[in-house]
Structures are given as structure tokens and as C-alpha cells.
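By convention in this document, chain letters (A, B, ...) are assigned in the order of the sequence lines, proteins followed by strands, and residues within each chain are numbered from 1. Every value quoted in this text rests on a predicted model; they were computed, and no experiment measured them.
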Protein chains: 2
Amino acid sequence: MTTTNALNENINTWISQINKEYKAAVSVDCVIFGYDENDLHVLLLKSDMPPFEGKYSLVGDLVTPNETLDESAERVLFQRTGLKDVFLEQVKTFSDVDRHPLGRVITTAYYSLVKLNPELFKIQEGNSKLKWKKVAKVGELAFDHNSILENCLTQLRYRLRDKPIGFKLLPKKFSLKQLQNLYEKVLDIELDKRNFRRKLKALDLLVDLNENQSDVNHRPAKLYSFDQEKYERKRKKGFNFEL
Amino acid sequence: MTTTNALNENINTWISQINKEYKAAVSVDCVIFGYDENDLHVLLLKSDMPPFEGKYSLVGDLVTPNETLDESAERVLFQRTGLKDVFLEQVKTFSDVDRHPLGRVITTAYYSLVKLNPELFKIQEGNSKLKWKKVAKVGELAFDHNSILENCLTQLRYRLRDKPIGFKLLPKKFSLKQLQNLYEKVLDIELDKRNFRRKLKALDLLVDLNENQSDVNHRPAKLYSFDQEKYERKRKKGFNFEL
DNA sequence: CCAAAAGTGTTTGTAATACACCCATGG
DNA sequence: CCATGGGTGTATTACAAACACTTTTGG
């Protein structure tokens with residue numbers, strides 16, 4: 001009942017197929033999430049490709065013959081933002097036959113996390129087609145990019161509960177309030193202040209910097225930083241983040 | 001500071017790149033997990049491709065111009081096993097530049113879950129190069145397939161705790177012991193019988209068939225089946241599996 | 001009646017939740 | 001001295017974990 005014999009699995013078939021038409025353009029698309037301590041944003045680019053002229057799209061590019069997908073995503077991120085060594089995670093590969101108007105383009109989606117500081121915010125100024133949009137207010141995007149964005153957002157939310165990646169969206173020094181805000185904003189939930197703080201204390205991954213906020217017209221908050229090395233040590237001993 | 005101006009993001013660049021060398025062969029590789037109520041197996045194929053002659057590899061194929069990756073994975077699964085409508089999940093895309101000896105082949109990994117019955121076991125007989133190997137005893141595979149297998153196994157274990165997919169590895173009617181065995185074997189953990197049963201009762205997703213095992217030389221176990229529709233209804237109400 | 005696996009409750013510890021008041025600072 | 005957000009503890013409840021004996025069947 002199996003159809004094994006119908007298959008020709010020898011090398012020559014592969015060689016001829018690879019060299020003929022069995023090739024596709026391959027791209028990466030990056031969902032670059034930026035957090036400015038108020039809203040989660042995503043970096044978009046105004047498209048000039050028919051039939052999507054004027055619509056926004058994610059930033060992406062074709063994968064060159066001598067780079068991996070990871071490298072390609074890093075390159076795209078660097079070319080668009082000037083940032084290196086940024087968190088990037090592969091999410092899913094999208095392959096609908098008609099997803100791209102110029103022909104078959106199979107694309108792999110990545111998301112990345114950056115702190116949105118004023119300098120980064122500027123990349124959308126001038127004649128640039130780049131735009132930081134609030135994720136909650138993204139409208140219809142070009143290609144299948146709404147679907148890609150949705151998948152990446154789901155993945156981000158999943159990971160945020162699972163791994164300590166939230167810190168990548170905050171400055172090195174932050175208050176517990178800032179951290180809680182981040183979780184509330186990105187996950188779109190409300191958290192109890194006291195329970196949140198207790199849980200974080202129990203995780204024992206923050207360093208108390210013995211510094212305070214300044215220039216705030218209320219009691220200044222204590223500042224903390226995330227201890228990546230401590231986390232790695234704990235993780236290796238079988239510890240799990242689980243917020 | 002941004003390098004936006006160095007980018008040429010207009011259509012003509014795309015068209016010329018797509019039509020020139022910016023193409024790659026694209027394939028799928030399927031980690032077909034089979035469970036025989038004792039061990040988790042994976043379907044492998046003896047390779048004849050230098051330099052991997054004689055080594056086993058996962059089953060896979062090039063993606064044809066008119067099919068999606070999902071469809072391609074379904075096709076591979078059907079061609080190798082004769083099975084349709086089987087659980088398949090995309091895991092990750094692998095893109096090391098030198099991962100394939102015949103040139104650049106970017107591959108997307110899927111895993112799938114099948115019940116290993118005697119009929120399915122037969123596909124490795126005769127002159128077939130197919131082989132069901134115990135996952136625990138898989139040696140060195142061709143290409144980067146050890147890495148792919150590992151990623152898929154991790155994903156399977158993750159999902160097993162998260163979504164009710166374990167039932168796909170069992171016959172329609174099963175005992176609670178069979179179910180517990182499955183979890184223990186695949187996750188490589190030990191579970192407490194009473195706690196396991198209590199938890200499953202609490203999830204309220206099994207149908208008591210009011211049938212018993214027969215022809216066993218001990219007290220026969222009650223048989224249950226998984227209620228997919230009940231699960232979907234619960235899931236839509238915000239219920240989570242979480243074993 | 002023996003072997004082999006099925007089936008069943010209770011106790012104890014730990015983590016999640018809910019909740020309200022005082023504190024420090026800038027203006 | 002007032003407005004603003006920062007910071008803290010306790011009581012209750014739900015869930016996880018540990019654990020041992022009786023029941024049913026086939027041989």
C-alpha cells in the first residue's frame with residue numbers, strides 16, 4: 001500500500017531538479033519590535049511594489065547565496081536600524097505560492113526586540129520610508145505581512161512568559177514599575193503589583209543597583225538590572241523562568 | 001547613523017535579483033515519529049548521496065513550484081507511508097550554506113505523529129531503504145539531520161505538555177495506563193499513577209467508553225477515547241491543556 | 001490460590017490570588 | 001501640604017506531590 005516505489009530518490013534526480021526549475025527566491029522578513037515604555041511598536045516600510053504601492057510592509061530582503069537566514073536577518077536589521085547584536089528569533093517560514101507579486105518568494109519570519117530610544121525613533125524622519133507604528137494600530141499591510149506580524153507577536157508573548165527576554169526591551173537600569181508596565185503592555189493583561197514584585201524577588205535574577213530614579217515628582221523608584229550570567233547559571237541547573 | 005540610504009529598495013532591484021542568482025533550492029524534511037506503545041521511533045531512509053552513502057537521513061524532498069511547504073510535507077509523508085490527514089507541524093528552517101553537498105538547499109523541518117501499527121511497520125521490509133529506528137538509538141545521520149531531529153524532538157516534547165496531541169500516537173481506544181506510558185516514554189520522565197489519573201479526570205476531555213480490555217491475564221483496564229470536539233469547545237473558551 | 005496489573009483517597013507542602021495602607025519626593 | 005506614584009505583608013485558596021492497599025482477571 002505504500003507508494004515508495006513510485007519515488008525516484010537517487011542523486012541524478014536531485015541534480016537535475018536543482019538545476020532546472022526547482023528553485024525559488026528566498027527572503028527574510030523581520031518584525032522589529034520597539035518598546036518606548038508606553039507602547040509596543042513595529043518598524044514598517046512604505047512599499048512601492050505593485051499592487052501594494054503606498055501600503056506598509058515589514059522590512060526584509062532576499063537571502064544572498066552566501067549567508068544563512070540568521071545572518072540575512074541580522075543584515076536586514078543592521079541596514080535598517082544600524083543595530084548589531086540584537087535579539088533575533090526565527091518564527092516561521094511562509095510559502096503560499098502566490099504570496100509575492102513578482103513570483104515565488106518563500107520567506108522566513110524573524111522577530112527582534114529593541115529599546116526605542118529617541119535616536120532610534122529618528123530613523124523614520126526625513127525622506128525615509130521607514131515608520132515606527134504602534135502594533136495595536138497597524139492597519140492592512142502589504143503581502144501576507146499581517147499574518148507574519150500576528151505569528152511573531154504570538155511568539156513574542158509566548159516567549160515573554162517563558163524566557164527572560166523582556167529585559168531586552170528596557171534600558172539597562174530600570175524600576176520594577178517599568179518592568180511590570182512592559183509585561184502589562186506587551187501581554188495586554190493587568191498584574192498585581194505586590195504579587196509581581198514577590199515573584200520577581202523569588203526568581204532572584206535582578207541586581208539591586210542601590211540607585212534611585214531622579215527628577216521625578218514623586219518618591220523615586222529603586223533601580224535594578226538583569227543579571228544575565230546568574231540566569232545562565234540557574235538555567236543550566238534546570239531552572240525555568242516562568243513568569 | 002542609519003544606513004538606509006545604502007539600500008536600494010526598489011522593484012527593479014528585486015526583479016533582477018530574483019531572476020539572476022538569488023535563488024535557492026528549497027526542500028522539506030519530515031521527522032515522522034511513530035509510537036508502538038513501547039518506544040518512540042523515527043522513519044529514516046538510507047542515503048545514497050556522497051559523501052553520505054550508507055548513512056541514514058530523514059525523509060524529505062524538494063518543494064515543487066506549485067505547492068506550499070505544508071503541502072510538500074504532506075506529500076512526502078504520503079509518498080513514504082501512504083498516510084493522509086496526519087498531524088504535521090512546521091518547526092524550523094535550516095539554512096547553513098554548506099549543509100547540502102549538491103549546492104545550496106534551504107530546508108524546512110516538519111514533524112508528524114503516527115501510530116505505529118504492524119502494517120506501517122512493514123514499509124521497511126523487502127528492498128525498501130526505509131527504516132523505523134528508535135529515537136533513543138539513532139546514530140549519526142546524513143546532512144544536518146541530527147540537528148533537525150533534535151529540534152523536532154524538543155518541539156514535540158514541548159507540545160505534548162501544551163496541547164493534546166499525544167492522543168495522535170495512540171489507537172482510538174486506549175487505557176489510562178497506555179496514555180501514561182506514552183507521556184513517560186516520550187518525555188522520558190516518571191509520573192505518579194494516581195496524580196496522573198486525577199489530572200486527566202480534571203481536564204475532562206476523555207470519553208469513558210464503558211468497554212474493557214480483553215485477553216489480558218490480569219484485571220482488564222477500562223478504555224477511553226479523546227473527545228476532540230469537547231477540547232475545541234473548551235479551548236475556544238480560553239481553556240488550556242497544560243499537563 | 002497466585003501473579004499481574006487496575007484502580008482508588010488522603011495528607012502535606014507550596015505557589016497563586018486578593019487585598020489596603022503608609023512613604024518619599026517635587027512643586 | 002498636597003499630589004503622585006513607590007513600596008510593603010498577610011490570609012485564603014487552589015494545585016502539586018508523595019504515598020499503600022484492595023480489586024479483578026487469567027492461568
Side-chain angles (χ1 to χ4, degrees), chain A residues 36-39 160-162 164 170-171 173-185 187-225 234 237-243, chain B residues 36-38 157 160-162 164 170-171 173-185 187-225 234 237-243:
Chain A
D36 67 353
E37 312 214 3
N38 273 308
D39 295 284
L160 203 59
R161 291 173 173 279
D162 191 54
L170 287 178
K173 302 174 178 187
F174 52 84
S175 68
L176 294 174
K177 183 66 199 261
Q178 284 176 295
L179 189 58
Q180 183 179 341
N181 267 342
L182 164 67
Y183 275 86
E184 292 186 331
K185 286 277 169 54
L187 297 177
D188 196 25
I189 55 175
E190 291 205 341
L191 294 168
D192 180 88
K193 180 162 61 161
R194 283 176 287 191
N195 294 338
F196 180 80
R197 283 160 189 244
R198 181 179 21 258
K199 215 173 209 172
L200 248 101
K201 189 172 281 180
L203 285 172
D204 187 28
L205 290 172
L206 296 186
V207 186
D208 183 342
L209 297 172
N210 289 310
E211 284 183 64
N212 291 336
Q213 284 181 319
S214 53
D215 298 325
V216 286
N217 66 341
H218 54 75
R219 175 173 174 177
K222 297 192 73 172
L223 295 177
Y224 297 84
S225 68
K234 290 195 175 219
K237 287 184 192 161
F239 161 91
N240 209 353
F241 184 69
E242 281 289 325
L243 193 109
Chain B
D36 67 354
E37 311 217 2
N38 272 308
R157 286 176 170 161
L160 202 59
R161 290 173 173 282
D162 193 55
L170 288 177
K173 303 174 176 186
F174 52 84
S175 68
L176 295 174
K177 183 66 197 266
Q178 284 177 295
L179 189 58
Q180 183 179 338
N181 268 341
L182 164 68
Y183 275 85
E184 293 187 329
K185 287 279 169 54
L187 296 177
D188 195 24
I189 55 175
E190 289 205 342
L191 295 167
D192 180 89
K193 180 163 62 164
R194 282 174 286 192
N195 292 339
F196 181 80
R197 283 160 188 243
R198 182 182 21 261
K199 214 172 210 171
L200 248 103
K201 189 172 282 180
L203 285 171
D204 188 29
L205 291 172
L206 296 187
V207 186
D208 183 342
L209 296 173
N210 290 311
E211 282 182 65
N212 291 337
Q213 283 180 319
S214 53
D215 297 326
V216 285
N217 66 338
H218 55 76
R219 176 172 175 177
K222 297 191 73 171
L223 295 178
Y224 297 84
S225 68
K234 290 198 173 213
K237 285 185 191 158
F239 161 91
N240 208 354
F241 183 69
E242 280 289 324
L243 190 107

* Asked: For B:Arg219 and C:dA4, is the shortest distance between a side-chain N/O and OP1 or OP2 below 4.0 Å?
  ->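 No, no such contact exists.
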- Item | Phosphate OP1/OP2 of C:dA18: any A:Arg194 side-chain N/O under 4.0 Å |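 Checking A:Arg194 against C:dA18: no side-chain N or O falls below 4.0 Å of OP1 or OP2.
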Is it the case that the base of [N] and the side chain of [X] share a donor-acceptor contact (distance under 3.5 Å, atom types as modelled)?
X	N	value
A:Asp192	C:dA16	no
A:Asn217	D:dA3	no
A:Arg198	D:dT10	yes

Inset, instruction - Find out whether A:Lys234 and A:Leu203 are in side-chain contact, i.e. whether some heavy atom of one side chain is under 4.5 Å from a heavy atom of the other. - result: no
Does any non-hydrogen side-chain atom of A:Asn181 lie less than 4.5 Å from one of A:Phe174? no
Between B:Leu209 and B:Ser225, the two heavy atoms sitting closest are CD2-OG, 3.7 Å
Measure [atom1]/[X] against [atom2]/[N] and give the value in whole Å, please.
X	N	atom1	atom2	answer
B:Lys201	C:dA6	NZ	P	16 Å
A:Arg197	C:dA18	CZ	P	18 Å
A:His218	C:dG26	NE2	P	10 Å
B:Lys222	C:dG7	NZ	C1'	10 Å
A:Gln178	D:dG5	CD	C1'	13 Å
A:Leu223	D:dG7	CG	C1'	14 Å
A:Phe196	C:dA18	CZ	P	16 Å
B:Lys199	D:dA18	NZ	C1'	14 Å

Result for 5'-nearest mapping on DNA chain D, choosing between A:Gln213 and B:Asn195, is A:Gln213
Taking for each residue the nucleotide of DNA chain D bearing the nearest heavy atom, is the 5' side occupied by A:Asn212 or by B:Asn212?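 Nearest-nucleotide comparison on DNA chain D picks A:Asn212.
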Within the structure shown, what part of the strands sits under 4.0 Å from B:Asp215 by heavy-atom distance: base, sugar-phosphate, or nothing? nothing
_What's B:Lys193 touching, base or sugar-phosphate or nothing? Going by heavy atoms closer than 4.0 Å._
base
* **Atom NZ of B:Lys173: over 12 foreign heavy atoms under 6.0 Å** => no
Among C:dT17, C:dA6, D:dT25, the one nearest any side-chain atom of B:Pro220 is D:dT25
Exercise for review: For A:Glu37 and A:Gln178, indicate whether the former's side chain and the latter's backbone hold a donor-acceptor pair under 3.5 Å.
Suggested key: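 No: the side chain of A:Glu37 does not pair with the backbone of A:Gln178.
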